[in-house]
Amino acid sequence: MTLTITPLTPHTGVEVTDLDFTQPIDRENCALLRRAFAAHHVLVMRDQHFTPDQFKAAAQLFGEIQPHDKKERHVPGHPGVDYVSNDQIENGRRIIPGETFHTDHSNHPCPPKATMLFAVELPSSGGDTQYVNMHDAYDDLPDKTKRRIEGLKAVHVYQSKYSPRPLGQITEESRRKLPDPGIHPLVRTHPENGRKALFLNPVRMESIIGMEDREALALIEALMRHATQKKYEYRHKWRDGDWVLWDNRSVMHQANPDYDMSERRYLYRLMLKGETPA
Ligand code: SIN
């Protein structure tokens, strides 16, 4: 059976139906999924029933797993499967992973090309994930801004001193294994769809090479304001059993902390290895 692909917005996100992800996927459907991923950046499948191992096997259809920097935060009994949840409180403050717009693990010289989540437990309302299309955001920039940012490179560290939020504690062992900072262009070209995209992450961007910090921060803020406009957004409203895969080279994302924190939000999470942004 050939799977069906239905757009969720004109620019970002498709829903995939008529596919049982726990069964082997034939070559034709694999190719369709990969093409949809490159063209639409966010793939959604409803009503899945993954065990942690099945979730991992589904991830591996799209590439090789990129381990999380926080080695200690994995599904109990499954060191190869990470999770996000709202249960972490540090110094009286709740840590919501992914709470502001970002792209994942950009502190790596080769940041992950993709990330996926599977909804295991959700609050009764809220907790949506927002995605913004960084290709369209780049395309719409005035030519003058395009010329200004072409060739600029930013230093991405584990947590920028200018980060809008704390990333939470990391064990000494995990910290020792962190990579050297990533030095990435502000504009990258997607290796599969050939489109340019803004590549921004205020959580990790510590500086722009050759620029005073004040000027760099003002530029990043202006680009972020532009890129996070509603017209670039696909907002995913989670349902139990949802599986969502997104392309970190094409979208930024953020998790919404707008729900009752006495309710648990718990999703399996994995990332896939990427290439040097160019
Ligand atoms: C993340 O930033 O990877 C998590 C997003 C979410 O929990 O919605």
Side-chain angles (χ1 to χ4, degrees), residues 8 12-13 41-46 48 50 52 55-56 58-59 62-63 65-75 81-89 94-108 111-134 156 158-160 163-168 170 174 199-205 224 227-228 233-261 263-274:
L8 293 162
T12 308
H41 325 305
V42 181
L43 301 188
V44 173
M45 284 212 297
R46 309 277 189 186
Q48 299 302 303
F50 289 124
F55 175 66
K56 187 172 175 186
F62 293 89
I65 305 290
Q66 154 93 51
H68 199 282
D69 280 347
K70 286 184 180 173
K71 314 279 176 233
E72 57 279 11
R73 242 175 119 67
H74 56 75
V75 175
V81 181
D82 313 319
Y83 68 90
V84 284
S85 81
N86 59 335
D87 60 8
Q88 199 186 346
I89 296 187
R94 195 178 295 274
I95 306 288
I96 303 290
E99 189 180 342
T100 58
F101 273 112
H102 64 286
T103 180
D104 286 327
H105 276 42
S106 64
N107 55 313
H108 284 240
K113 67 173 181 178
T115 306
M116 76 216 63
L117 292 175
F118 170 63
V120 179
E121 205 176 328
L122 295 170
S124 44
S125 68
D128 303 346
T129 306
Q130 288 160 274
Y131 299 92
V132 281
N133 186 317
M134 300 300 269
H156 294 238
Y158 178 69
Q159 183 179 312
S160 167
S163 173
R165 63 182 157 94
L167 289 178
I170 177 167
S174 289
F199 193 60
L200 304 173
N201 186 357
V203 178
R204 315 259 192 197
M205 290 167 98
M224 286 297 291
T228 55
E233 181 182 293
Y234 165 62
R235 184 174 182 124
H236 187 71
K237 292 186 178 303
W238 290 95
R239 292 190 222 147
D240 285 336
D242 279 0
W243 173 94
V244 176
L245 169 77
W246 66 85
D247 192 326
N248 285 306
R249 304 163 297 186
S250 299
V251 294
M252 284 192 302
H253 61 284
Q254 75 172 3
N256 268 275
D258 60 348
Y259 51 96
D260 177 352
M261 287 295 156
E263 296 184 325
R264 192 161 182 244
R265 184 178 185 274
Y266 181 84
L267 302 96
Y268 298 155
R269 180 181 189 280
L270 278 173
M271 297 180 292
L272 298 178
K273 288 187 176 165

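Index from 1, following the sequence. First listed ligand is number 1; within each ligand, the first listed atom is number 1.
- Below 3.5 Å of separation, one finds an N or O of His102 facing an N or O of ligand 1.
- Under the 3.5 Å distance criterion, with hydrogens and angles disregarded, no donor-acceptor pair is assigned to the side chains of Asn201 and Thr103.
- Tested against Lys237, the residues Asp258, Asp128, Asp242 include a single salt bridge (Lys or Arg N to Asp or Glu O under 4.0 Å) partner, Asp128.
- Scanning all protein heavy atoms for the shortest distance to atom 1 (C) of ligand 1 gives His253 NE2, 3.5 Å.
- Atoms of ligand 1 lying under 4.0 Å from any heavy atom of Leu117, numbered from 1 in the order shown and given with element: 5 (C), 6 (C), 8 (O).
- Residue His236 places no heavy atom under 4.0 Å from ligand 1.
- Atoms of ligand 1 lying under 4.0 Å from at least one heavy atom of Gly98, given by number and element, are 2 (O).
- By the 4.0 Å heavy-atom criterion, Asn256 is excluded from the residues contacting ligand 1.
- Among protein heavy atoms, atom 8 (O) of ligand 1 sits closest to Thr129 OG1, 2.5 Å.
- Not a single heavy atom of Leu267 sits less than 4.0 Å from an atom of ligand 1.
- Looking only at protein heavy atoms, the nearest one to atom 6 (C) of ligand 1 is Ala255 CB, 3.4 Å.
- Under the rule for a salt bridge (Lys or Arg N to Asp or Glu O under 4.0 Å), Asp82 has no partner lying at least two apart in sequence or in another chain.
- Residue, atom and distance of the protein heavy atom nearest to atom 7 (O) of ligand 1 are Arg265 NH1, 2.8 Å.
- Taking the ring axis of Phe118 as reference, the NZ or CZ atom of Arg269 does not stay both within 45° of it and closer than 6.0 Å to the ring centre.
- Looking only at heavy atoms of the protein, atom 3 (O) of ligand 1 is closest to Arg269 NE, 2.9 Å.
- Centroid-to-centroid, the aromatic rings of His156 and His108 stay 6.0 Å apart or farther.
- With a 6.0 Å radius and a threshold of 12 heavy atoms from other residues, nucleotides or ligands, Arg239 has its CZ atom at or below the threshold.
- Contact atoms of ligand 1 toward Val84: 7 (O) (distance under 4.0 Å to a heavy atom of the residue).
- Each of Tyr234, Phe62, Tyr131 was scored for a ring pair (Phe, Tyr, Trp, His ring centres under 6.0 Å) with Trp246, with one residue passing: Tyr131.
- With salt bridges taken as basic N to acidic carboxylate O contacts below 4.0 Å, none links Arg165 and Glu99.
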